[in-house]
Structure formats: C-alpha cells, structure tokens
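Working notes, beginning with the structure itself.
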2 protein chains.
Amino acid sequence: MGSGKTTSFDIAHRAGVSQATVSRALRDSPLVNPETRERIKKIARELNYQIDRAASRLRSQHSNTLALLFFEDPTSDASQINPFFLSMLGNITRAAARRNYDLLVSFQQLSDDWHIKYEVSNRADGIILLGYGAYSGFKDKVKKLIDADAHFVIWGATGPHLRGHSIGCDNIKGAYDATTHLLSIGRKNIAFIGNKTIDSPEFKQRYEGYCKALTAAGLGIDPELQVYATNQETSGAAAIAELVESGKPFDAIFTASDLIAIGAIKRLRKAGLQIPDDVSVVGFDDIPAASYLSPSLTTIRQDTIAAGQQLVDHVICMINGEVLEPKKVVPKLVIRDSCGGKSSAANQL
Amino acid sequence: MGSGKTTSFDIAHRAGVSQATVSRALRDSPLVNPETRERIKKIARELNYQIDRAASRLRSQHSNTLALLFFEDPTSDASQINPFFLSMLGNITRAAARRNYDLLVSFQQLSDDWHIKYEVSNRADGIILLGYGAYSGFKDKVKKLIDADAHFVIWGATGPHLRGHSIGCDNIKGAYDATTHLLSIGRKNIAFIGNKTIDSPEFKQRYEGYCKALTAAGLGIDPELQVYATNQETSGAAAIAELVESGKPFDAIFTASDLIAIGAIKRLRKAGLQIPDDVSVVGFDDIPAASYLSPSLTTIRQDTIAAGQQLVDHVICMINGEVLEPKKVVPKLVIRDSCGGKSSAANQL
DNA sequence: CAACTTTTTGCAAACGTATTCAGGACCTGT
DNA sequence: ACAGGTCCTGAATACGTTTGCAAAAAGTTG
C-alpha cells in the first residue's frame, strides 16, 4: 500500500474512526459499539493487520511472554538435555499459547540475575524454571530471586524457603507406589539408586517414599542397599557396579530416574543378571525411551500435561498479583516388563 | 530508588551526560569517548540497569528474536513431539544465544500466515521451521511465505521452489551409507520402510540413497521390498506386519527414521525373528532412544550441533539482507548392535 | 591565530500503541 | 423543554529507546 507497514491509524482512517477506537475495538473493549467493532475487525483482517507487539509492550508495560529456562547440574554433560524436561517443553508451550502468552526458551548456566535479564528488561513477565536443583549454591540463587520479587515458578524443587514458587509431582507417593509394587510381586531386597541428600530435593523425596513403603511393609531400611547416583545413565551404571561388587544380595532396584535405570539395566546385564528374572527394575519419569527399552521399563509417570498447565497458570497468577495454592501433580505407576511379576499380579486379581 | 524503574535518563543524570550518549555508550558505539563509555557502563551495572527491550524494539524496528516453529504431519499424534526435533531445540537455542538472539518457541498447526503473526507483529525477525513436510498442501503454504518475502529457513525439506530457504542433511549420502553397510555385512534382500513420495522430501531422498547403493552394488530394486510408513512407531510396526505377511523373504531393513525402526523391531520380534541374526536393522536420525534400545540401533546420525548453528546463521543472514549458500549437514553412520556383522566388519579391517 | 578537520556531545523527533479525560449523542422521566 | 443518565468516541499524552542532525570541543595545519 502506501509507504510503510499498516498501523492502527491506517485502520482508523479506513473505518472513519479514531486510532483510539481501533485500539479498543481490537482488544474487545466493551467501550466500543459492537457494530463499529466488527467493522474495524473486518478491515483489520483484510489488511492483514497485526498489533505491533513492541509498541504494545512499551505502552502497556507487559510483554505477554514467559521465559522458560532450563538448567542442569553443571557437573553433567551440558550437551545432553534431560529428556523428561524436553517432554515437558511441548506441554508448557501449549499451555502458554492457550493463555495467549509467547514463550521464550533458553538454556543457561544458572545465574542469580535472571529476573534482571528477563523481567527488568521487559522481555518476559514471568519465568518458569526447569531443572533438578541438584547442587549447592542453588538455594542462595533462588533466594535472590525471591528477594527481588521476581515472578517465577520452579518445577520440582521444594522447601519452605520457596513457598508458592514451587510446583512438583508428589514424589513421595510415586516412590511409595513404585516400592510397594516391587514388594507386591514378592521382592524383598530392594535397592535405591539415587541421591538422598538435600542437594537433590526431588530425589530425596523419592528416597523418603521408598523408605515409607518399606517401613509400612514392616521391613527395615538397609543402608547397604542405597547407592548414590546423579541423574545420568553413566552414574546409574557406576552405582550398579558398586552394588554388585559389594556382594550384597538384592533382587530389585528402584532408581530415582529413568536415566539412572537405563544405565543400571545395561550394567546389570553386563554382570550377567537377567531382568526381570534375577532383578526387577522400576524407574521414575517415564521418558519416551522407557517404553522403547527391552525389557520395557516399569516406571512412574508424571503427568506432564497437567504439570505444564499448572506451571503456566501459576506464573500467570503471580504476574496478575493473584495467589494460587500449588497443587501437586499426581504420579502414576506404569507397569511394563522390567519388573516381572505381571502374571503374578494378574493372578492376584 | 525514586519512583519507577531505572531508565537511561537516570543513568544519564548520574553520569552527567545526555540520554543519547548513554544509549550510544551501552551499544558500544564508536561515537562515544572510551572513558565516558566505561563510566556509563559502570553506573549502569551498579544500578542493575537493563535496556528496555520493548522500547528498543519499537524504535529500532527489529526484535532480535527468532521464532522456532515446530510442525508435524497433522495426521500424527499431536501430543508426541518428534524426538529428533527436540534434540535440535537445544542446539538452536544455544546457537541463537551466541548470536544474541532470543528464541520464541511454538508448536502449531501449519498455517500460511506465520510471517504475519511473527514478523509483521514485530515479535520475531525471522522464523525457523522444523518438521517433516510430509503432507499435501505444504508446498503451497511455503510458497506464500516466499511470496511475502518472509525471513525463514526450513529444516530438511528441499526443492528448487524454496531455493535458499532450506537447510538439510545429505539424506542421499546417509541412506547410501546405511544401505552399503548392510550390503557389506552380507545382506542381500534389503527392505525400505518409509515414504518415497514427494510428500515427504527427506524420506524420498533417503529412498534415493537406498536405490543408489543397491544399483552401485549391481543389485536390482525390488518393489515388493518397499513398504510405506509415516514417521511413527505404529506405522513402522504396521509396515513390518505387511511385509511379513507378504511372504517376501528379506534379511535386512533400512527404515527412513528411528521411530519407524523402533516400531519395526518390536513387530519383527513379535513375528519370531531375531535381530540381528535373522534381520539386520538400520534407522535414521540417531534419536536418544536409539542407543538405549536392545539391541541398540545402528543408525545415521545427523550433526544437530552443526545443523542448529547453520539454521540460526542462515536466518540471521537473511534478516541482514545477506546471501548465504546453504551447506548440507553431513550424516554419519553409527554402528551399534541391530545389524550385526560387527565382527565380520572387524574381520575385514 | 585563523581556518579547517576530527572527535565527541546534546537536542529533538520518531517508533505505534494503550489509556485518561473530556465531551457529544442519545435516551428517560418529569 | 430540561435535568440526569448511559453509551460511545476522539484528542492528546506517555511508554523508553534509537538516531539524524547540528553544534561544541578538541586537535591539526599553514
């Protein structure tokens, strides 16, 4: 057409109204006559008009954008993204889109000035953090965010210090169900592979669920059956090597994550152990690969659709100054082939 | 401090210069005295000042943001994201970050007004498209983007109609290498599972590479050994069912993607066939799950780091009005257990 | 020291929208 | 006919930068 791009003034001119009315009409303001509104909208459509987001942001002082930040334990391989988080990505974008928010994605080393980079710079109204808080220094950085009144939500991490900023799965219940399932198919010596320190809040909770199930079954908790592992395949393999070498007998393992389970299974096989005949294995997360393995992996699925929705809704509420009590995402046991006993379970029915 | 957020005026006031100088200093303009620049930068740092992106965008008319759009064959399950694309996501964000671009991510149904939604609205300066162009209507939509002078790059799809807008892997070479490998371990009747129609340009190229290898080896191309499949596990399984039922003998399959291979392997096993003893399998993509399978999957790896970098560099060049001849990403055969013959290959060395 | 170039600065005008405020048009009831 | 209300619209302004232009400051030359 004329010179540059179409603006709300062009629409206004064509419609014979003022620019202010166009702005109102396009935002469905009740202040504008329905007929006028439709006429304006029609013209806008015809001209392929789109509101200039930059101008809109500048004027209204909010970006309608969320930032999704991935962070991982800096000790792990940075080129490998945790598959579980990836599978959450899709659901988060969809949830954001439904709420008419854009999503900015970034992988970065954890730094304590995110809110500065994203909120202060008017790039995003809120931040969603995804990552296992599995290293020291994490707490301090989060505290800075809280002190700065940043709008952010963290997946998974817990603790009173981030009240209202955390959404997670009910890890204790998930781990309890997993362990109980192993007990129900007759396993007695169940090992826990993971990290039970506070450095990894989620893994710690999973350990608690494991203990709770054993206690509920009247069994003791054997420290020799607990082997440390970080959320990596290789770490899971190393843990099994250690366990096997110790000579301590075991007939099942519950791992704090699927990635650990995958490494563990490989190493178990290398040690000549059959799965599930000699050792039952249950993981946690239900990453896509879990069903592709053979034997396919029994695991705890986290509802990533609900999780994505919750994260998005929650951070948007914070942005709007509302308070929303976080609900825990419910975990679900997915029984596949890696722990056997399916037939016996079937018999019980 | 005072009332609202810190602006460049505040900095200017403190530094005793004009706001214009602050703006220039922070952008490292050569027009400003080095000493003054450092003084201004120091103050900015102290005040935690961040340039307001909305204002910056509005004035400069570019967003320093790229949009990454995923699209999938609408016939496939929308909730499942192609794992190969997910593994590219990380590399694309990193490449974008290196170039100081933000990345907007979205999963949407393919529509022909992306450039309108993203570029016209000043949300992004350019678009990266990720997805198998495996359905009709795709070409028309892309043509509209070209006609609108949109800044975009597509991964994978090819053809003269999108000259300069496409970056891909050398699918023909990859498939050629895969097939040649199968031949080298003594396989004779190699089936192709995939889509050889123009609807799926990449799969078609992989089919061509397959044919080329067979021809180079002096073998014929048997239509009965070609079974249609889309990029899904279930489709791969169905294809194998069909092949087995046909009674046509085969001792190897080359699938157009790892997902297909995964479904194929499951179904082969169900048919009582041993892998790799009875049938060798080679996939394409090297998705994370490929190495977790048992037997682990021999496949063609695409260099996603180089690919991400290329996509980002390319679209940024388009934005800047430069012309960059796209380079093909080099595929690499990753030999694992699913095609056997490792020993025989080793013998040959 | 004048004339001229180079470096460094400030002024002021955009960029395109959202929103406040004031007012016009149109009813309603008396 | 007029006061009082409701509904709709337009003029004008502010959001915080970037950048063209002009001019001051500093340096160079004859």
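Given the structure is predicted, the values throughout are model-derived calculations rather than measurements. Order of the sequence lines sets the chain letters (A, B, ...), proteins ahead of strands, with each chain counted from 1.
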Of the options [options], whose atoms approach the side-chain atoms of [X] most closely?
{"X": "Ser8(B)", "options": "dT17(D), dG10(D), dG16(C)", "value": "dT17(D)"}
{"X": "Ser60(B)", "options": "dT18(D), dG10(D), dG16(C)", "value": "dT18(D)"}
{"X": "Arg59(A)", "options": "dT9(D), dG16(C), dT9(C)", "value": "dG16(C)"}
{"X": "Ala20(A)", "options": "dT17(D), dG10(D), dG10(C)", "value": "dG10(D)"}
{"X": "Thr21(A)", "options": "dA12(C), dC8(D), dT9(D)", "value": "dT9(D)"}

Let me know the distance between [atom1] of [X] and [atom2] of [N], rounded to the nearest Å.
{"X": "Gln61(B)", "N": "dT19(D)", "atom1": "CD", "atom2": "C1'", "result": "13 Å"}
{"X": "Phe9(A)", "N": "dA14(C)", "atom1": "CZ", "atom2": "C1'", "result": "12 Å"}
{"X": "Lys5(A)", "N": "dC15(C)", "atom1": "NZ", "atom2": "P", "result": "11 Å"}
{"X": "Asn122(A)", "N": "dT17(D)", "atom1": "CG", "atom2": "P", "result": "10 Å"}
{"X": "Arg57(B)", "N": "dC15(D)", "atom1": "CZ", "atom2": "C1'", "result": "15 Å"}
{"X": "Arg123(A)", "N": "dT17(D)", "atom1": "CZ", "atom2": "C1'", "result": "16 Å"}
{"X": "Arg24(A)", "N": "dA11(D)", "atom1": "CZ", "atom2": "C1'", "result": "11 Å"}
{"X": "Arg53(A)", "N": "dG16(C)", "atom1": "CZ", "atom2": "P", "result": "16 Å"}

Partner of Phe152(A) under side-chain contact (heavy atoms from CB on, under 4.5 Å), chosen from Val142(A), Ile128(A), Leu66(A):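 Single side-chain contact (heavy atoms from CB on, under 4.5 Å) partner of Phe152(A) among Val142(A), Ile128(A), Leu66(A): Val142(A).
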
Just to confirm, is there a sub-4.0 Å distance from OP1 or OP2 of dG16(D) to any side-chain nitrogen or oxygen of Tyr49(B)?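 No, no such contact exists.
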
Any side-chain N or O of Ser56(A) less than 4.0 Å from the OP1 or OP2 oxygen of dA18(C)?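 Checking Ser56(A) against dA18(C): at least one side-chain N or O falls below 4.0 Å of OP1 or OP2.
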
Please determine if Arg14(B) and Asp10(B) form a salt bridge, counting it only when a charged side-chain N lies under 4.0 Å from a carboxylate O.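 No, no charged N to carboxylate O under 4.0 Å.
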
Charged N-O contact under 4.0 Å between Lys41(A) and Asp28(A):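 Yes, this pair counts.
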
Any base atoms under 4.0 Å from Thr7(A), or only sugar-phosphate, or nothing? Heavy atoms, all strands.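 Answer is sugar-phosphate: Thr7(A) comes under 4.0 Å of backbone atoms only.
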
Would you give the length of the straight line joining atom CG of Asp102(B) to atom NZ of Lys117(A), rounded to the nearest 0.5 angstrom?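 Here the interatomic distance stands at 7.5 Å.
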
Between Thr65(A) and Arg57(A): side-chain donor-acceptor atoms closer than 3.5 Å: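 Note: Thr65(A) and Arg57(A) side chains meet the donor-acceptor criterion.
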
